[in-house]
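Here the structure is laid out as structure tokens; the discussion comes afterwards.
As the structure is a prediction and not an experimental result, all values here were calculated from the model.
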Amino acid sequence: QVELVETGGGLVQPGGSLRLSCAASGRGFEINAMGWYRQAPGKERELVAVSTSGGSTNYADSVKDRFTISIDNAQNTVYLQMNSLKPEDTAVYYCNAGLYFADERGYLEYWGQGTQVTVSS
């Protein structure tokens, strides 16, 4: 059984920084890609950033040059370093992982439980 455990959310002032972490527990898989999505109240869930296991990355235009995603393949963990945070970054941030299993499960996607990020003075 795979579980994604997110940490690092919280309250921060505008211009501040936070670092989110998401660790995938379990065995028998390889990471295809891991990423972060967010959902603000009244809005749809949107992609924030994604990284393949090889380090290819993609960012939403709204976070380019402020957020950095990275993967530690040995630890099955993805990080999101968020700098110069703005009130509009306030949302629940969800970790997503696309994993390959060597057995009959093949390719599966998983979601974390979400962590609240609030940017406010």
Side-chain angles (χ1 to χ4, degrees):
Q1 184 70 18
V2 172
E3 184 180 7
L4 302 183
V5 179
E6 301 152 340
T7 57
L11 173 65
V12 63
Q13 292 187 344
S17 297
L18 282 175
R19 189 190 195 208
L20 304 183
S21 300
C22 171
S25 64
R27 298 181 178 182
F29 60 82
E30 292 185 357
I31 296 172
N32 176 55
M34 295 184 76
W36 292 93
Y37 290 71
R38 68 186 181 187
Q39 188 167 18
K43 295 188 177 181
E44 293 188 354
R45 189 174 297 189
E46 63 175 1
L47 173 70
V48 176
V50 62
S51 176
T52 68
S53 59
S56 296
T57 59
N58 189 38
Y59 294 91
D61 288 342
S62 60
V63 306
K64 281 180 182 177
D65 300 323
R66 299 189 297 122
F67 291 10
T68 302
I69 189 170
S70 59
I71 283 183
D72 183 335
N73 288 300
Q75 299 296 323
N76 294 330
T77 299
V78 63
Y79 303 96
L80 185 68
Q81 178 65 44
M82 305 185 293
N83 299 328
S84 302
L85 282 160
K86 304 176 181 180
E88 51 263 43
D89 295 317
T90 296
V92 178
Y93 284 69
Y94 295 91
C95 176
N96 174 268
L99 308 177
Y100 284 112
F101 292 83
D103 57 22
E104 67 278 2
R105 286 174 288 180
Y107 176 82
L108 293 175
E109 281 199 21
Y110 294 87
W111 289 92
Q113 79 282 1
T115 185
Q116 177 70 45
V117 171
T118 302
V119 184
S120 175
S121 56

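Considering CG of Asn96 and OH of Tyr110, their distance stands at 11.5 Å, rounded to 0.5 Å. For the atom pair OH of Tyr79 and CH2 of Trp36, the computed distance is 10.5 Å after rounding to the nearest 0.5 Å. Note: Ser53 OG to Met34 CE = 11.0 Å, rounded to the nearest 0.5 Å. A distance of 12.0 Å separates CD1 of Ile69 from CD of Gln81, quoted to the nearest 0.5 Å. Expressed to the nearest 0.5 Å, how far CD1 of Ile71 lies from CG of Asn76 amounts to 9.5 Å.
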For residues 10-33, dump all side-chain donor-acceptor pairs below 3.5 Å to protein atoms at least two apart in sequence or in another chain.
from	atom 1	to	atom 2	distance (Å)
Ser17	OG	Asn83	OD1	2.9
Ser25	OG	Glu3	N	3.2
Ser25	OG	Glu3	O	3.2

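Summarising the geometry of Arg38 relative to Ala91, their closest heavy-atom pair is CB-CB, 3.8 Å, with the distance given to 0.1 Å. The two residues Gly9 and Val117 have their closest heavy-atom pair at CA-CG2, 4.2 Å.
A 4.5 Å side-chain heavy-atom check between Val2 and Leu99 finds at least one atom pair inside the cut-off. Counting only heavy atoms from C-beta outward, the side chains of Phe67 and Val48 approach each other to under 4.5 Å.
By the 6.0 Å contact criterion, CG on Asp65 is open, its count of non-hydrogen atoms from other residues, nucleotides or ligands being 12 or less. Heavy atoms from other residues, nucleotides or ligands lying under 6.0 Å from CD of Glu44 number 12 at most.
By the criterion of side-chain heavy atoms lying less than 4.5 angstrom apart, applied directly or through intervening Ile, Leu, Val, Met, Phe, Trp or Tyr residues, Val92 is not grouped with Leu85; the two fall into different hydrophobic clusters. There is a path of hydrophobic side-chain contacts, each under 4.5 Å, that joins Val78 to Val63. Hydrophobic clustering of Ile, Leu, Val, Met, Phe, Trp and Tyr side chains at less than 4.5 Å, counting indirect connections, unites Leu4 with Leu80.
Remark: side-chain polar atoms of Glu6 are paired, donor with acceptor, to backbone N or O of Cys95 under 3.5 angstrom. Under the 3.5 Å distance criterion, the side-chain polar atoms of Ser62 are left unmatched by any main-chain donor or acceptor of Ala60.
There is a side-chain donor-acceptor pair under 3.5 Å between Gln116 and Thr118. Side chain to side chain, Arg45 and Tyr37 fail the donor-acceptor criterion of an N or O pair below 3.5 Å.
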Point to revise | Residue pair Lys86, Asp89: steps toward the salt bridge (charged side-chain N to carboxylate O under 4.0 Å, His left out) verdict | key: CA-CA 5 Å; Lys86 304 176 181 180; Asp89 295 317; over 6 Å; no

Review point. When you look at Tyr100 and Arg105, which way does the side chain to side chain contact (heavy atoms under 4.5 Å, CB included) test go after all the steps?
Key: CA-CA 8 Å; Tyr100 284 112; Arg105 286 174 288 180; over 6 Å; no

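Using cut-offs of 30° and 60° on the angle between ring planes, the pair Trp111 and Tyr94 is perpendicular.
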